[in-house]
Protein chains: 2
Amino acid sequence: MEVCITSLLRDRGFKVTPQRLAIYNMLSSTKSHPNAEMIFNELQAMYPTMSLATVYKTMEILKEIGLVQVLNAGEDSFRYDAVMTNHPHVRCTECGQVEDVYDINIDAFVNEVSQGTKYQIMGQQFYFHGICPTCQRKNSN
Amino acid sequence: MEVCITSLLRDRGFKVTPQRLAIYNMLSSTKSHPNAEMIFNELQAMYPTMSLATVYKTMEILKEIGLVQVLNAGEDSFRYDAVMTNHPHVRCTECGQVEDVYDINIDAFVNEVSQGTKYQIMGQQFYFHGICPTCQRKNSN
DNA sequence: TTTTTTATAGAAAACAATTATCGAGTAGTT
DNA sequence: AACTACTCGATAATTGTTTTCTATAAAAAA
Ligand SMILES: [Mn+2]
Ligand SMILES: [Mn+2]
Ligand SMILES: [Zn+2]
Ligand SMILES: [Zn+2]
């Protein structure tokens, strides 16, 4: 993993810096799909001098070398995911958490659309919104 | 149509104004999925004093009374659609146009996800991106 | 119709997410 | 060690959207 990002950065002429490693490590070890600000806040303790701009610039690079994907979950800010398979997400409209939708095969659906349109489809993004189990429980009390 | 919006506005205590009618008319007679700025620009000739803020505020109201839906097509701004069925969209990454994806039944897919997750799904949004027929032709020259 | 009440339009300012700029600093090379 | 090019992070700029405020237009009352 760590070897991977180091060489990927170097091969493309990007320098390997503690900030970049920290950001990628943080992202690849969480399932929370954080946005830039969450990443920034989480790393602030360990890297007190790091700025939000660095997070944004690093995400740009990580996206470029194919290590992260940018999610649009219907919010005002983007979220990031170190899992590179294209999978659907669901966001809780009450607590804001974004999770993966598991066990869903999107290929059939994507193929159907690809064949039904004259566009040359390059990618897609699916997101659902609703109420998470925790908030459902909270509501029923 | 016009009766519909007029009474819908009135019933909810909103006033019926020329601006609101113009914005809704423009939106419901186009297939272009315009964003706020496009709507503003298009109406500027006829309503020279109308401001962008009015467009945004009107869209908020129209959304509230169920006459428009807000689309997130993976851009930096929102697009609006007077067609209220939930249907997928495809955006051309070269010319930026956003179109409907026709002849696709999303219900089966949505149901599958609904049953596979512990979330109580309230809605979803699917968007594809790729290259439109026009831009494909342009590219091959 | 005229008056009164109340919501609205639009200008301007405020906001929030993101991007650009730039000088000092640092990694990797010679 | 010295050099060079890339990068960091502070700051400013940008952009889409929302809020604020007040004259005014629309609806209700008279
Ligand atoms: Mn994910
Ligand atoms: Mn549409
Ligand atoms: Zn929740
Ligand atoms: Zn195109």
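Lettering follows sequence order; numbering is per chain, from 1.
- Within a 6.0 Å radius of CD in B/Glu99, more than 12 heavy atoms belonging to other residues, nucleotides or ligands are found.
- Under the 30°/60° scheme for interplanar angles, the aromatic rings of A/His89 and A/His33 are found to stand perpendicular.
- No more than 12 heavy atoms of other residues, nucleotides or ligands sit less than 6.0 Å from atom CG of B/Asp103.
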Exercise for the section: Could you encode protein contacts along nucleotides 4-9 of chain D as a string, one character per nucleotide from 5' to 3', using B for base contact, S for sugar-phosphate-only contact and - for no contact, with a heavy-atom cut-off of under 4.0 Å? Expected result: -BBSSB
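- The side-chain hydrogen bond (donor to acceptor under 3.5 Å, both in side chains) search around B/Glu75 returns B/Arg79, not counting sequence neighbours.
- Close approach of DNA chain C to chain A, defined as any atom under 4.0 Å from a non-hydrogen atom of the protein, starts and stops at C/dA17 to C/dG28.
- Only at 4.0 angstrom or more do the heavy atoms of residues 28-39 of chain A sit from any atom of DNA chain C, so none qualifies.
- Closest non-hydrogen pair, B/Cys4 versus B/Leu67, comes out as SG-CD2, 4.5 Å.
- The nearest pair of heavy atoms linking A/Thr6 to A/Val16 is O-CG2, 3.6 Å.
- A/Thr117 places no side-chain N or O within 3.5 Å of a backbone atom of A/Ser114 that could act as its donor or acceptor partner.
- The shortest side-chain heavy-atom distance between A/Ile61 and A/Lys57 does not fall under the 4.5 Å cut-off.
- Within residues 66-80 of chain B, the residues that have a heavy atom under 4.0 Å from DNA chain D are, in order of number, B/Asp76, B/Ser77, B/Phe78.
- The side-chain contact (heavy atoms from CB on, under 4.5 Å) with A/Tyr119 is formed by just one residue from the set B/Ile131, B/Val101, B/Thr93, B/Val90; it is B/Val90.
- Ring geometry for B/Phe109 against B/Phe126 counts as perpendicular: the plane angle is over 60°, on a 0 to 90° scale with 30° as the lower cut.
- A salt bridge links A/Lys63 to A/Glu60: at least one charged side-chain nitrogen sits closer than 4.0 Å to a carboxylate oxygen.
- Atom CG of B/Asn105 is surrounded by more than 12 heavy atoms from other residues, nucleotides or ligands within 6.0 Å.
- When the shell of 6.0 Å around CE of B/Met84 is examined, it contains more than 12 heavy atoms from other residues, nucleotides or ligands.
- No more than 12 heavy-atom neighbours from other residues, nucleotides or ligands sit within 6.0 angstrom of CD on A/Glu42.
- Heavy atoms of B/Arg12 sit nowhere under 4.0 angstrom from any nucleic acid atom.
- The side chain of B/Tyr56 places an N or O atom within less than 4.0 Å of a non-bridging phosphate oxygen (OP1 or OP2) of D/dT17.
- No side-chain heavy atom of B/Lys138 sits less than 4.5 Å from a side-chain heavy atom of B/Cys95.
- Atom-to-atom, CG of B/Leu52 to P of D/dT17 comes out at 8 Å; the value is rounded to the nearest Å.
- Helix-axis bend for the helix from C/dT1-D/dA30 to C/dT30-D/dA1: the local axis fitted to the five terminal pairs at one end deviates from that at the other end by 30°, rounded to 10°.
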